[in-house]
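Notes follow once the structure below has been shown.
Throughout, numbering of the chain's residues begins at 1 and tracks the sequence.
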Amino acid sequence: QLQLVESGGGLVQPGGSLRLSCAASGFTLDVYNIGWFRQAPGKEREGVSCISSSGGSTNYADSVKGRFTISRDNAKNTVYLQMDSLNPEDTAVYYCAAARRRPYPFTIATMSTEPMDYWGRGTQVTVSS
């Protein structure tokens, strides 16, 4: 079964950190660009960060730039999202998604407008005191 599974979400105080993981099963991630999205209650889904299939290119939404770091370990078939200096506005369900690599840059704009090939079911992140 081809799937992505997110983990690492939870409840954290403002200023705290979490590391999300996105693990693939049934297929290998090394030919896929990966994006992290989030959706807060009552809000539209937004692209948070993305990484190219090789890991050589990363991109961040302005709202998380300088606080979040995306990385990948293709040997472990896993992508990570390190989230630091969390604030209540980061509260959302976080999803990872995979798009087979394409012959043009994979950016926040790209991942937000083009179809992704696989989606995870999401992990809840709650930032609250």
Side-chain angles (χ1 to χ4, degrees):
Q1 186 176 2
L2 308 179
Q3 61 178 352
L4 294 172
V5 179
E6 302 94 338
S7 61
L11 174 64
V12 63
Q13 292 187 340
S17 299
L18 285 173
R19 188 175 82 155
L20 305 184
S21 298
C22 171
S25 62
F27 67 107
T28 56
L29 285 180
D30 58 356
V31 295
Y32 288 87
N33 301 319
I34 303 297
W36 282 98
F37 298 79
R38 68 185 181 186
Q39 187 164 21
K43 295 187 177 180
E44 292 188 357
R45 186 177 65 201
E46 63 170 333
V48 173
S49 182
C50 58
I51 188 167
S52 62
S53 58
S54 67
S57 176
T58 60
N59 207 217
Y60 298 92
D62 288 343
S63 58
V64 306
K65 201 169 293 183
R67 300 188 298 121
F68 289 13
T69 304
I70 192 170
S71 62
R72 65 190 300 156
D73 185 339
N74 285 342
K76 294 183 178 180
N77 222 24
T78 302
V79 175
Y80 305 98
L81 186 67
Q82 177 67 40
M83 307 187 297
D84 299 318
S85 301
L86 286 161
N87 59 61
E89 290 70 39
D90 297 315
T91 295
V93 178
Y94 283 71
Y95 302 88
C96 65
R100 196 168 184 91
R101 64 187 174 202
R102 296 156 191 174
Y104 46 83
F106 186 65
T107 65
I108 294 292
T110 302
M111 64 187 264
S112 300
T113 57
E114 296 188 4
M116 305 295 284
D117 298 305
Y118 300 102
W119 285 88
R121 293 188 175 184
T123 184
Q124 176 71 45
V125 171
T126 303
V127 185
S128 175
S129 56

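- Note: the hydrophobic cluster containing Val64 does not contain Phe106 (ILVMFWY, side chain heavy atoms under 4.5 Å, direct or indirect links).
- Hydrophobic clustering of Ile, Leu, Val, Met, Phe, Trp and Tyr side chains at less than 4.5 Å, counting indirect connections, keeps Val31 apart from Met116.
- Across every non-hydrogen atom of Phe37 and Ala97, the tightest pair is CE1-CB, 3.8 Å.
- Classification of the Tyr95-Trp119 ring pair by plane angle, with boundaries at 30° and 60°, yields perpendicular.
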### Task
Under the side chain to side chain contact (heavy atoms under 4.5 Å, CB included) rule, what do Ser63 and Glu89 come out as? Steps first, then yes or no, please.
CA-CA 9 Å; Ser63 58; Glu89 290 70 39; over 6 Å; no
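- No donor-acceptor pair under 3.5 Å is formed between the side chain of Arg72 and the backbone N or O of Gly55.
- At least one donor-acceptor pair under 3.5 Å links the side chain of Ser49 to the backbone N or O of Asn59.
- Atom CG of Leu29 sits about 6.5 Å away from atom CG of Leu4, to the nearest 0.5 Å.
- Both Tyr118 and Trp36 are members of a single hydrophobic cluster when ILVMFWY side chains are connected at heavy-atom separations under 4.5 Å.
- Pairing each heavy atom of Ser21 with each of Thr78, the nearest pair is CB-CG2, 4.2 Å.
- At least one donor-acceptor pair under 3.5 Å links the side chain of Glu6 to the backbone N or O of Arg121.
- In plain terms, the two heavy atoms of Gln39 and Arg45 that are nearest each other are NE2-N, 3.7 Å.
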### Message
Go through it in stages, so that I can follow the logic: the residues are Val12 and Ser17, the test is side chain to side chain contact (heavy atoms under 4.5 Å, CB included), and I'd like the CA-CA distance, side-chain angles, deciding distance and then a yes or no.
### Response
CA-CA 7 Å; Val12 63; Ser17 299; over 6 Å; no
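- For the pair Thr91 (side chain) and Pro88 (backbone), a donor-acceptor distance under 3.5 Å is present.
- Under a 3.5 Å cut-off, the side chain of Arg38 and the backbone N or O of Val125 do not form any donor-acceptor pair.
- Between the CG atom of Leu18 and the CG atom of Asp90 there is a distance of 10.0 Å, given to the nearest 0.5 Å.
- The CE atom of Met83 sits 11.0 Å away from atom OG1 of Thr69, with the distance rounded to the nearest 0.5 Å.
- Below 30°, between 30° and 60°, or above 60°: for Phe27 and Tyr32 the angle between ring planes is above 60°, a perpendicular geometry.
- The heavy-atom pair separating Ala92 from Ala40 by the smallest distance is CB-N, 3.8 Å.
- Hydrophobic cluster membership differs between Met111 and Tyr104, with clusters built from Ile, Leu, Val, Met, Phe, Trp and Tyr side chains linked at under 4.5 angstrom.
- In this structure, Ser7 and Thr123 have side chains that are not in contact, with every pair of non-hydrogen atoms separated by 4.5 Å or more.
- Phe68 and Tyr80 are members of different hydrophobic clusters when ILVMFWY side chains are connected at heavy-atom separations under 4.5 Å.
- The distance from atom CZ of Arg101 to atom OG of Ser52, rounded to the nearest 0.5 Å, is 10.0 Å.
- One finds the CD1 atom of Ile51 at 8.5 Å from the OG atom of Ser57 (value rounded to the nearest 0.5 Å).
- Side chain of Asn33 to backbone of Ser53: a donor-acceptor contact under 3.5 angstrom is found.
- The closest donor-acceptor contact from the side chain of Asn77 to the backbone of Ala24 lies under 3.5 Å.
- Judged by distance alone, with hydrogens and angles left aside, the side-chain atoms of Asp117 form a donor-acceptor pair with the main-chain N or O of Arg100 at under 3.5 Å.
- Atom NZ of Lys65 has more than 12 neighbouring heavy atoms from other residues, nucleotides or ligands inside a 6.0 Å radius.
- Within the model, atoms CD1 of Ile34 and CG of Leu81 stand 12.0 Å from one another, a figure rounded to the nearest 0.5 Å.
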